[in-house]
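Each chain gets a letter, A, B and so on, in the order the sequences are listed, and its residues count up from 1.
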Amino acid sequence: MDRTPIKKALDADRIGQTVTVAGWVRTARHSKGGFSFLSLNDGSCFALLQIVADRTLANYEREILHLSAGCSIVATGELVASEGKGQAVEMQAKEIRVLGEVDAETYPVQAKRHTFEFLRTQAHLRTRTNTFGAVARVRNRICAAIHEFFQRRGFLYIHTPIITSSDCEGAGEQFGVSTLDPAAPPRDENGQVDFSQDFFGRRTYLTVSGQLAVEPYCCSLGDVYTFGPTFRAENSNTPRHLAEFWMVEPELAFADLNDDADLAEEFLKYVFSTVLNDGEEDLNFFNEHIDKTILETLRHIHESEFVRLTYTEAMDVLETAERDWDYPPKWGADLQTEHERYLTEETFQKPVIVTDYPASIKPFYMYVNEPDERGRRTVRAMDVLVPKIGEIIGGSQREHRLEVLESRMDECGLNKDDYWWYLDLRRHGSIPHAGFGLGLERCVQFCTGMANIRDVIPYPRTPRNAEF
RNA sequence: UCCCCGAUAGCUCAAUGGUAGAGCGAGCGGCUGUUAACCGCUAGGUUCUAGGUUCGAGUCCUAGUCGGGGAGCCA
């Protein structure tokens, strides 16, 4: 169909042109005076195109008068300067074809305010609302910006596998992948399920991170990144967690933790400024109706330098804070949510990169620092914390010294045979390298102000919820 | 998984242990270059499920299911 996106139809310099638009009626206001106002959305932008239809249309009485929210139409007409107040441009319809009618009695998305909880039960139709249309466009722009950022810097986009066989990547519970009959799986002599007869001839899982699989590419091709779906079978019931989410994981070659932190900061600033520049219409909506601080926050971050401090320094800040903690800060324990919020929202009021965490609370693959003067051992890990969301990025310099890595794996109780290829990278031409993971949905949350992560992914998967 | 809160009309919510209501939406009518239009009328209910207390339960008790907030796990 030769149609003009509404985004283009609304350009003032198109006035006088005759165009065809297609979309879904958001609201229909009928006057018995013999004309109707149809507000049309086609997803190309936030704004609606008002179509004026009058009884000179052949199907006015029969069809147009019965149009209501949700109906799909194709309209052809002249773009004219609007006589009304709410819009500069509108269409004077010459022909309107009704593609799909709506049973107004049962159409769930009414022209009124709905709660996000209700709209989650209508995930197939919630995209027809202002909020979810805007979320989809911002999410798209963020994804494009992510690729732009890395591509312009020469990073290779690597597709790491969704199905993996390493069962302890150190990042949470995994979903099993199997084609065995769950009601009657084959069993070995000990009565255990015999996965050697499974599709892959071994136990397999959905990936919890592409990091281990992307490191070999980093250690041969240089700077790389992976960007894909990630799965965690944790029983997490929070507005910040999903069982299926998207993660961006760059891996920098010949790099240390400082390079990693530099990259993370530049990366976030690029993504945020892109959304600010290109998503103005949608962001204005979020700023007005969802979170009144979102524009100010994004601009502020773009202009300011991220705070960088070590875990030990952060502990000093927290320990001297005049404040009653639910969990008093203590060196060796992980930062609690209340601690992160204090640092980002009160002490510094901007993103904070915390580095060099105690080795005991971080995974085996992180580079081990020399013990400090008090003999405490840390690893070159970093978390990028932002106001409200908390941890948006987690990363580290990787341990590239074979002996240190092996002893760390022993400490963590891992079977080194399972990681033979990962260890091989440290045997043959090992290099210092570093990387991080950004949770896409948390980034979308941060840019839109949407409070619940289930509302920034099309079809959220959470415990007990895989409808749609 | 733990703590707290909630579930009543299509949606958002009211309703001292005593006949279940409103707004919005929907249908019909009126009015209008309208714009979350406006005005009038009408229809619409197994009060989440299963037990229990009571003469009587939307309301009180127990268990469960689902949802929300907080915490943990993390991105």
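Mapping A:N237 and A:G84 onto RNA chain B by nearest heavy atom places A:N237 at the nucleotide closer to the 5' end. Taking for each of A:W246 and A:R341 the nucleotide of RNA chain B with the nearest heavy atom, the 5'-most of the two is the partner of A:R341.
A:Q87 comes within 4.0 angstrom of a nucleotide base, judged by non-hydrogen atoms across all strands. Among the protein residues, A:I389 comes within range of no part of the nucleic acid, since none of its heavy atoms lies under 4.0 Å from any strand. Across all strands shown, A:F118 has heavy atoms under 4.0 Å from sugar-phosphate atoms exclusively, and none from any base. Note on A:V52: a base of the nucleic acid sits closer than 4.0 angstrom, heavy atoms only. At a threshold of 4.0 angstrom between heavy atoms, the contacts of A:S82 include nucleobase atoms, whether or not backbone atoms are also involved. Among the heavy atoms of the strands, none lies under 4.0 Å from A:L440. The residue A:E90 sits close to a base: some heavy atom pair falls under 4.0 Å. If you check every strand for non-hydrogen atoms under 4.0 Å, A:D326 touches nothing. A:G86 comes within 4.0 angstrom of a nucleotide base, judged by non-hydrogen atoms across all strands. Note on A:E117: only backbone sugar-phosphate atoms sit closer than 4.0 angstrom, heavy atoms only; bases stay farther off. In this structure, A:T115 reaches the sugar-phosphate backbone alone: every heavy-atom distance under 4.0 Å involves primed, P, OP1 or OP2 atoms, never a base. Across all strands, A:E105 comes closer than 4.0 Å only to sugar-phosphate atoms, never to a base (heavy-atom distances). Using a 4.0 Å heavy-atom cutoff across all strands shown, A:P239 reaches sugar-phosphate atoms only and no base atom.
A donor and an acceptor atom, one from each side chain of A:E244 and A:Y459, are nowhere located under 3.5 Å apart. For the residue pair A:S31/A:R29, the side-chain donor-acceptor check at 3.5 Å is not satisfied. Checked by atom type, the side-chain pair A:E215/A:Q211 shows a donor-acceptor distance below 3.5 Å.
Rounded to whole angstrom, the span from the OH atom of A:Y107 across to the P atom of B:G27 amounts to 14 Å. Here B:C11 presents its C1' atom at 16 Å from CZ of A:R120, a figure rounded to the nearest Å. Distance, A:L65 CG to B:G29 P: 11 Å, rounded to whole Å. Rounded to whole Å, atom P of B:G72 lies 11 Å from atom CG of A:L335. Taking atom CZ of residue A:F35 and atom C1' of nucleotide B:U34, one finds them 7 Å apart after rounding to whole Å. Going from atom NE2 of A:H30 over to atom P of B:A26 covers 10 Å, rounded to whole Å. Going from atom CD of A:E244 over to atom C1' of B:C74 covers 16 Å, rounded to whole Å. If you take CD of A:E173 and P of B:A75, they are 14 Å apart, rounded to a whole angstrom.
A:H302 NE2: 12 or fewer foreign heavy atoms inside a 6.0 Å radius.
In this model, the phosphate group of B:C74 is not approached by any side-chain N or O of A:S236 to a distance below 4.0 Å at OP1 or OP2. An OP1 or OP2 oxygen of B:G72 is reached within less than 4.0 angstrom by no side-chain nitrogen or oxygen of A:N235. Put simply, A:R29 has no side-chain N or O that comes within less than 4.0 Å of OP1 or OP2 on B:U32. At the phosphate of B:G68, OP1 or OP2 sits under 4.0 Å from a side-chain N or O atom of A:R454.
The aromatic rings of A:W331 and A:Y311 sit perpendicular, their planes meeting at an angle over 60°, well past the 30° parallel limit. Ring orientation note: the planes of A:F46 and A:F285 are tilted relative to one another, at an angle of 30° to 60°. Note: A:F231 and A:F175 have perpendicular aromatic rings, judged against thresholds of 30 and 60 degrees for the angle between ring planes.
The base of B:U35 is not paired with the side chain of A:T27 by any donor and acceptor separated by under 3.5 Å.
Judged by Watson-Crick or G-U wobble contacts below 3.5 Å, the nucleotide B:C38 has B:G30 as its partner. Base pairing of B:C74 is not made with any nucleotide, judged by Watson-Crick or G-U wobble geometry with both donor-acceptor distances under 3.5 Å. Across all strands shown, B:G44 remains unpaired; no Watson-Crick or G-U wobble contact has both distances below 3.5 Å. For B:A7, the paired base is B:U65 (Watson-Crick or G-U wobble, both distances below 3.5 Å).
Checked against the 6.0 Å centroid criterion, the rings of A:Y217 and A:F155 do not qualify as a close aromatic pair.
Each of B:U32, B:G33, B:A75 was ranked by its minimum atom distance to the side chain of A:R232; first place goes to B:A75.
Nucleotides B:A26 and B:G18 place their P atoms 35 Å apart, quoted to the nearest Å.
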